S.K.: 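Quick one: the structure is below, questions incoming.
Computed from a prediction, not measured in an experiment: that's the story for all the values here.
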Amino acid sequence: MCRNRHFPERMVAMKNIGFIGMGNMARAIVRGVLAGGAAEAGNLSAYAPHYDRLRAFADETGIFACRSIGELLERSDTVVMAVKPYVVEGVLAEIRESLKGKAMLSVVAGYTLERYRPMVDPSVRVQYVMPNTPCMVGEGVLLFESANTLLPEEHAAAVKLFQSLGEVVELETHLMDAATAISGCGPAFVAMMMEALADAGVKYGLPRATAYRLAAQMALGTGKMQLETGMIPAEIKDGVCSPRGTTIRGVEALEANGMRHAFMEAVKATIER
């Protein structure tokens, strides 16, 4: 696990970065690298089919909005593939010649190095990265597939770039799906948990905004405590549960309602598709 979020050196091997696609994940990455100082807006370009929406985001962030995918490729030495999975093959067929010789970082779920090999020229250097949306605030998880064809200096530059967004974790290909289910889908699951806790707080009189704040800070603090102390989750839980206390009654209720099984089934549903 690579950890260093404090203003990494400016990219050298990957100076001009172009995003193909500018959905929620790409926007989170752009906001994160700009906020973390890993790249300058003038070195970032993007292309997306809906130019007006892209231009509004570009005006907000300072990145360059391209009117065509060809313009993007002319401006970029590194491409970030950030489109929906079902359009990847069509996009690559369109840009196959223009992509030759470039580095490509893919944040498209499920598109591993082996999946890309038959679709791109051998001169295209590929790294599959699976980020999550907390990258927007510098607290993300960036899963790097260990199999890649980047040059050593490009790989180092990619790691530094994404370290500005959170934790970089390198994994073998066969582990990427399970890790993505936890770190990539997990924010939705945790958000639902926070919403449920907040709903319960509102039921018992808390203002909605206060309930959300309490739930969010609790989730943040618990995660930070686990990371910084190394305590396993069971230890954290046991530290709150006193004999005949209120928390252990809540734990019993969660177990009775299948909380653990529900989370495990949620992970299973994302993997066994």
Side-chain angles (χ1 to χ4, degrees), residues 3 5-7 22-38 41 50 52-54 56-63 82 107 130-142 162 164-167 180-229 231 233-242 245-267 269-270:
R3 185 168 186 156
R5 292 182 235 162
H6 300 292
F7 299 92
M22 193 44 65
N24 291 337
M25 184 58 69
R27 288 176 181 237
I29 293 171
V30 168
R31 292 184 194 280
V33 298
L34 292 178
H50 301 288
D52 290 343
R53 280 188 283 180
L54 174 62
F57 181 70
D59 288 343
E60 175 192 340
T61 57
I63 70 171
V107 296
M130 199 67 252
N132 64 2
T133 51
C135 290
M136 185 187 302
V137 293
E139 294 293 347
V141 176
L142 299 308
F162 284 110
S164 68
L165 306 175
E167 302 288 341
T180 298
I182 295 172
S183 64
C185 304
F189 306 155
V190 172
M192 291 174 70
M193 177 197 73
M194 292 191 299
E195 183 181 38
L197 288 172
D199 283 345
V202 170
K203 176 182 177 181
Y204 290 104
L206 284 175
R208 172 67 64 180
T210 301
Y212 278 149
R213 185 173 182 179
L214 293 175
Q217 182 60 42
M218 175 279 301
L220 174 65
T222 304
K224 186 174 182 180
M225 180 166 62
Q226 196 283 322
L227 287 172
E228 295 192 359
T229 67
M231 297 169 66
E235 290 179 284
I236 296 173
K237 181 261 295 179
D238 289 350
V240 185
C241 293
S242 55
T246 56
T247 305
I248 193 62
R249 294 202 296 271
V251 168
E252 181 185 30
L254 288 171
E255 295 288 10
N257 285 279
M259 181 271 292
R260 291 176 192 263
H261 182 69
F263 274 104
M264 294 178 74
E265 284 295 297
V267 171
T270 71

S.K.: Please round to the nearest 0.5 Å and tell me the distance separating atom NE2 of H261 and atom CD of E265.
M.R.: 4.0 Å

S.K.: Tell me, do M25 and I29 make a side-chain contact under 4.5 Å, heavy atoms counted?
M.R.: yes

S.K.: What is the minimum heavy-atom distance between T133 and A28, and which atoms define it?
M.R.: O-CB, 3.9 Å

S.K.: Of the non-hydrogen atoms in C241 and V251, which two are nearest, and what is the gap between them?
M.R.: SG-CG2, 3.8 Å

S.K.: Within this structure, what is the CG-CG distance for the pair L197 and L214, rounded to the nearest 0.5 Å?
M.R.: 10.0 Å

S.K.: Give the intermediate values and the outcome of side chain to side chain contact (heavy atoms under 4.5 Å, CB included) for residues L142 and M130.
M.R.: CA-CA 6 Å; L142 299 308; M130 199 67 252; over 6 Å; no

S.K.: Indicate the atoms forming the closest heavy-atom contact of P187 with G184, along with that distance.
M.R.: CD-O, 3.4 Å

S.K.: With a cut-off of 6.0 Å (strictly less than), are more than 12 heavy atoms of other residues, nucleotides or ligands near CE of M192?
M.R.: no

S.K.: Return yes when atom CD of E252 has more than 12 non-hydrogen atoms of other residues, nucleotides or ligands closer than 6.0 Å, and no otherwise.
M.R.: no

S.K.: So with a 6.0 Å cut-off around CG of N24, is the heavy-atom count from everything else above 12?
M.R.: no

S.K.: Is the backbone N or O of M22 less than 3.5 Å from a side-chain atom of R27, with the two atoms forming a donor-acceptor pair by type?
M.R.: yes

S.K.: Taking the side chain as every heavy atom from C-beta outward, state whether P131 and L165 have any atom pair closer than 4.5 Å.
M.R.: no

S.K.: Give the minimum heavy-atom separation between M231 and E235, together with the two atoms involved.
M.R.: CA-OE1, 3.3 Å

S.K.: Compare every heavy atom of A181 with every heavy atom of C185, then report the nearest pair and how far apart it is.
M.R.: CB-O, 3.3 Å

S.K.: Is the number of heavy atoms from other residues, nucleotides or ligands under 6.0 Å of M264 CE greater than 12?
M.R.: no

S.K.: Roughly how far apart are E167 CD and N132 CG, rounded to 0.5 Å?
M.R.: 10.5 Å

S.K.: Please report the interatomic distance CZ(R31) to CZ(F57), rounded to the nearest 0.5 Å.
M.R.: 4.5 Å

S.K.: Do side-chain atoms of T270 reach the backbone of V267 as a donor and acceptor pair under 3.5 angstrom?
M.R.: yes

S.K.: Let me see the working for E139 and K224 under salt bridge (Lys or Arg N to Asp or Glu O under 4.0 Å), right down to the final yes or no.
M.R.: CA-CA 11 Å; E139 294 293 347; K224 186 174 182 180; over 6 Å; no

S.K.: Which value, rounded to the nearest 0.5 Å, describes the distance between L34 atom CG and E60 atom CD?
M.R.: 10.0 Å

S.K.: With heavy-atom distances below 4.5 Å as the criterion, would you say the side chains of F189 and I182 are in contact?
M.R.: no

S.K.: For S242 and I248, work out which heavy atoms get closest and say how close.
M.R.: O-CG2, 3.9 Å

S.K.: Does the Lys NZ or Arg CZ of R208 fall within the cation-pi geometry relative to Y212 - under 6.0 Å from the ring centre and within 45° of the axis?
M.R.: yes

